[in-house]
Every structure is written in C-alpha cells, then in structure tokens.
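Computed from a prediction, not measured in an experiment: that's the story for all the values here.
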Amino acid sequence: TKSLLRAIITNSKHSLSDRWNAHKEMYLTHRLQKGSRTSAYVTATKNWAEFLKPSQLTTPALWQMYLEAQTTYARVVWTERSTEQAQKILDAIEATAKGKISLHDIYWLRARMFEEKKEHEKAVAEIEKSLSEKIPLWKEREKILWTLAWSHFKEKKFEQAEKHLKELV
C-alpha cells in the first residue's frame, strides 16, 4: 500500500487532489501502525500538511483541504510532541488563512490546548473567536458551545455555563 501511495504522491501526472488524498492515506496508514514508529507517523502527517502550498489554494475546496491537513498536523504535534510547537503551527495557519476560510476549528483547537494547561480565560477567549467565525455545520457549533459551557463550569461561572448549555438544547 505504501509503495502505491508513494508512486501517486511523486507522479505529477496525477491530479493535485489525488496526490493530496494519497498523502492523507499515507498519514492514516502510519496512524494505524504508530506504536513504536511515532516519528514516521509525525513525518507522514507533516508531509501531508506541507503538500499544498498557499500559492496553490485557488478554490474554497483547496483551502478546506489545506486547513484539514494543517489542523491534523497541529493535533498530532500537540499529542506526540509539544503544545508550544502545535501552537506555532496554529499561528502559521491563522496568518496564512485568515479572511480566506473559516478558522473556527483552529480557534477551538487552540482553546483546547489552553484548557489542558488550565488557562481557562485564554480558552474562553479562543472559543469566542471560534464562535465569531462562520461555522458551516451545526455539529461543529455544538462542539464549540459545549467546550465554552464546560470552560465556564470549570471556572465556577455556572450562570454562563447554563446559558451556553441552553443554547445546545
């Protein structure tokens, strides 16, 4: 499987989309085989994230593909390496994509990182930035509202938590 994926990735006769999907499949393959090969998993994710260059992003679909790969890479780095490194990736995504595509998921992910470090005020600020973005799916908005309610609950701001939980209902 990996040799076929490599052949697709390296052959410029394949479409950009096919090559991007091959990178994604390579990432998924490494994710399933991670175990003691964490480095290969992180590298495969990085290769996928770096495949599309901002200069190639000429359609909303390409921007979405770029954002998916970049966000996944930030998550993997956060989990496998360091929060600070992941934050830098998110900062770079924001600088590149702001105003071109909704960054609600970037802000939500950053909020989760702050929440993990028990920096609840920063987490809430990021969640509020997330909610100010265009959120195409209710399921995504639901995830963000839940995180906001939970952050307020942890800060013992029960009225605010209740308000956001009611929005979910």
In Å and rounded to the nearest 0.5 Å, what is the [atom1] to [atom2] distance from [X] to [Y]?
{"X": "Thr147", "Y": "Leu131", "atom1": "OG1", "atom2": "CG", "answer": "9.5 Å"}
{"X": "Leu148", "Y": "Lys157", "atom1": "CG", "atom2": "NZ", "answer": "10.0 Å"}
{"X": "Lys134", "Y": "Ile101", "atom1": "NZ", "atom2": "CD1", "answer": "10.5 Å"}
{"X": "Glu128", "Y": "Glu133", "atom1": "CD", "atom2": "CD", "answer": "13.5 Å"}
{"X": "Trp150", "Y": "Leu145", "atom1": "CH2", "atom2": "CG", "answer": "15.5 Å"}
{"X": "Arg6", "Y": "Asn47", "atom1": "CZ", "atom2": "CG", "answer": "10.5 Å"}

Given 3.5 Å as the limit, does a donor-acceptor pair link the side chain of [X] with the main chain of [Y], or not?
{"X": "Lys118", "Y": "Glu115", "answer": "no"}
{"X": "Gln56", "Y": "Lys53", "answer": "yes"}
{"X": "Asn21", "Y": "Ser17", "answer": "yes"}
{"X": "Ser102", "Y": "Ile135", "answer": "no"}
{"X": "Trp63", "Y": "Leu57", "answer": "yes"}
{"X": "Ser132", "Y": "Lys129", "answer": "yes"}

Please find the pair of heavy atoms, one from [X] and one from [Y], that lie closest to each other, and give the distance.
{"X": "Pro136", "Y": "His104", "result": "CD-CE1, 3.7 Å"}
{"X": "Leu52", "Y": "Trp20", "result": "CD1-CD1, 3.6 Å"}
{"X": "Ile9", "Y": "Arg19", "result": "O-NE, 3.0 Å"}
{"X": "Ala161", "Y": "Phe153", "result": "CB-N, 3.8 Å"}
{"X": "Lys2", "Y": "Met26", "result": "O-CE, 3.6 Å"}
{"X": "Ala86", "Y": "Ala74", "result": "CB-O, 3.4 Å"}

**OP:** For side-chain hydrogen bond (donor to acceptor under 3.5 Å, both in side chains), just list the numbers for Trp78 and Glu116, CA-CA rounded to whole Å, side-chain angles, deciding distance to a tenth of an Å, and then say yes or no.
**Re:** CA-CA 11 Å; Trp78 175 30; Glu116 180 180 80; 3.0 Å; yes
Is any side-chain heavy atom of [Y] closer than 4.5 Å to one of [X]?
{"X": "His30", "Y": "Thr45", "result": "no"}
{"X": "Val124", "Y": "His152", "result": "yes"}
{"X": "Asp105", "Y": "Leu67", "result": "no"}
{"X": "Glu167", "Y": "Arg141", "result": "yes"}

Subject >> Lys/Arg N to Asp/Glu carboxylate O, Asp18 vs Lys13, below 4.0 Å >> reply: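 Salt bridge between Asp18 and Lys13, a charged N being under 4.0 Å from a carboxylate O: no.
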Original post:
Salt bridge or not for Glu162 and Lys166, using N-O below 4.0 Å?
Top reply: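 Salt bridge present between Glu162 and Lys166.
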Subject >> Verdict with reasoning, Glu142 to Trp138, per side-chain contact (heavy atoms from CB on, under 4.5 Å) >> reply: CA-CA 6 Å; Glu142 184 179 77; Trp138 170 249; 3.5 Å; yes
Original post:
Going hydrophobic residue to hydrophobic residue with side-chain gaps under 4.5 angstrom, can you get from Ile8 over to Leu62?
Top reply: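 Shared cluster, no.
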Subject >> Linked, directly or transitively: Leu5 and Tyr27 (ILVMFWY side chains, under 4.5 Å) >> reply: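 In one cluster: no.
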**OP:** Give the intermediate values and the outcome of salt bridge (Lys or Arg N to Asp or Glu O under 4.0 Å) for residues Glu126 and Arg112.
**Re:** CA-CA 9 Å; Glu126 290 297 320; Arg112 298 288 293 147; over 6 Å; no
Count the heavy atoms of every other residue, nucleotide or ligand shown that sit under 6.0 Å from [atom1] of [X], and state whether that count exceeds 12.
{"X": "Lys46", "atom1": "NZ", "answer": "no"}
{"X": "Lys163", "atom1": "NZ", "answer": "no"}
{"X": "Lys143", "atom1": "NZ", "answer": "yes"}
{"X": "Lys88", "atom1": "NZ", "answer": "no"}
{"X": "Lys117", "atom1": "NZ", "answer": "yes"}

**OP:** For the pair Glu94 and Tyr107, evaluate side-chain hydrogen bond (donor to acceptor under 3.5 Å, both in side chains) and give the outcome as yes or no after the intermediate values.
**Re:** CA-CA 9 Å; Glu94 182 179 12; Tyr107 299 134; 2.9 Å; yes
Original post:
Taking the six-membered ring for Trp, are the ring centroids of Trp48 and Phe51 within less than 6.0 Å of each other?
Top reply: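 Aromatic pair excluded; centres sit 6.0 Å or further apart.
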**OP:** Please step through side-chain contact (heavy atoms from CB on, under 4.5 Å) for the pair Asp91 and Arg110, ending with a clear verdict.
**Re:** CA-CA 9 Å; Asp91 292 345; Arg110 194 180 284 146; 3.0 Å; yes
Original post:
Between Phe114 and Gln87, does a side-chain contact (heavy atoms from CB on, under 4.5 Å) hold up when you go through it step by step?
Top reply: CA-CA 10 Å; Phe114 283 130; Gln87 289 280 14; 4.0 Å; yes
**OP:** Start with the C-alpha distance between Thr79 and Val76, add both sets of side-chain angles, then the distance that settles side-chain contact (heavy atoms from CB on, under 4.5 Å), and finish with yes or no.
**Re:** CA-CA 5 Å; Thr79 305; Val76 168; 5.9 Å; no
**OP:** Would you tell me whether Gln33 and Tyr41 have side-chain atoms, one donor and one acceptor, within less than 3.5 Å of each other?
**Re:**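 Short answer, no.
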